[in-house]
Amino acid sequence: MSDIKRVDTGTRMSQAVIHNGTIYLAGQVGTPGASVATQTKDILQKIDTLLEQNGSDKTRILQATIWLADMKDFAEMNEVWDAWVAPGHAPARACGESALATPDYTVEIIVVAAAG
């Protein structure tokens, strides 16, 4: 298993796992109880940091999965997302509604990226 690198590993999960040139990030959440826009900004900052720490960046994201606690927040989340995505580098993406870990979380984003 030496070809698998785990980053910030805890009992339950790792924040990132890198294998065969691909970076898989755990679902990222923002500040509990903050607005959808603020949580989305927090999450995207965490994604930027994790990718940078592992030799990649948002232009190398292959796929994003976004979970919203309520689809009524779709436009608010997308406003932040659209401003963050690098022009010409939009990943494949899915967005759905799901109950998140606690009611204080309204957005969770999972990404898969190519290593740098």
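Worth saying up front: this structure is predicted, and the values here are computed from it rather than measured. Along the sequence shown, residues are numbered consecutively beginning with 1.
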ask   = Any chance the side chains of D57 and T59 put a donor and an acceptor closer than 3.5 Å?
value = yes
For [X] and [Y], work out which heavy atoms get closest and say how close.
X	Y	result
S14	R6	OG-CB, 3.7 Å
S56	A114	OG-O, 2.7 Å
H19	I4	CD2-CG1, 3.5 Å

Any donor-acceptor N/O pair, K46 side chain to G30 backbone, under 3.5 Å = no
query = Just by distance, do the side chain of Q63 and the backbone of A94 share a donor-acceptor pair under 3.5 Å?
reply = no
State, yes or no, whether a side-chain contact exists between [X] and [Y] at a heavy-atom distance under 4.5 Å.
X	Y	result
S98	E108	no
D3	N20	no
I66	R93	yes

Which value, rounded to the nearest 0.5 Å, describes the distance between [X] atom [atom1] and [Y] atom [atom2]?
X	Y	atom1	atom2	result
L62	Y24	CG	OH	8.5 Å
L44	T49	CG	OG1	11.0 Å
E52	K58	CD	NZ	11.5 Å
E76	S35	CD	OG	5.5 Å
D73	N78	CG	CG	11.0 Å

ask   = Under the side-chain contact (heavy atoms from CB on, under 4.5 Å) test, which residues partner A115, sequence neighbours left out?
value = I23
query = In chain order, what residues pass the side-chain contact (heavy atoms from CB on, under 4.5 Å) check against L50, with sequence neighbours excluded?
reply = D8, Q15, L25, Q28, Q53
Check whether [X] and [Y] end up in the same hydrophobic cluster, where Ile, Leu, Val, Met, Phe, Trp and Tyr are linked by side-chain heavy atoms less than 4.5 Å apart.
X	Y	answer
V112	V29	no
I43	F74	yes
V7	I110	no
M77	Y105	no
M13	V111	no

note = Exactly one candidate in I109, V107, L100, T106 meets side-chain contact (heavy atoms from CB on, under 4.5 Å) with L68; the answer is V107
message = Atom CD of residue position E97 - does it have more than 12 heavy atoms of other residues, nucleotides or ligands inside 6.0 Å?
response = yes
query = Listed by chain and number, what are the ring pair (Phe, Tyr, Trp, His ring centres under 6.0 Å) partners of W67, not counting sequence neighbours?
reply = none
message = If you apply the rule side-chain contact (heavy atoms from CB on, under 4.5 Å), what do you find for L51 with R60, and how did you get there?
response = CA-CA 9 Å; L51 291 176; R60 300 186 56 77; over 6 Å; no
inquiry  = T40 vs W84, test: side-chain contact (heavy atoms from CB on, under 4.5 Å). Steps then yes/no.
reply    = CA-CA 10 Å; T40 304; W84 175 78; over 6 Å; no
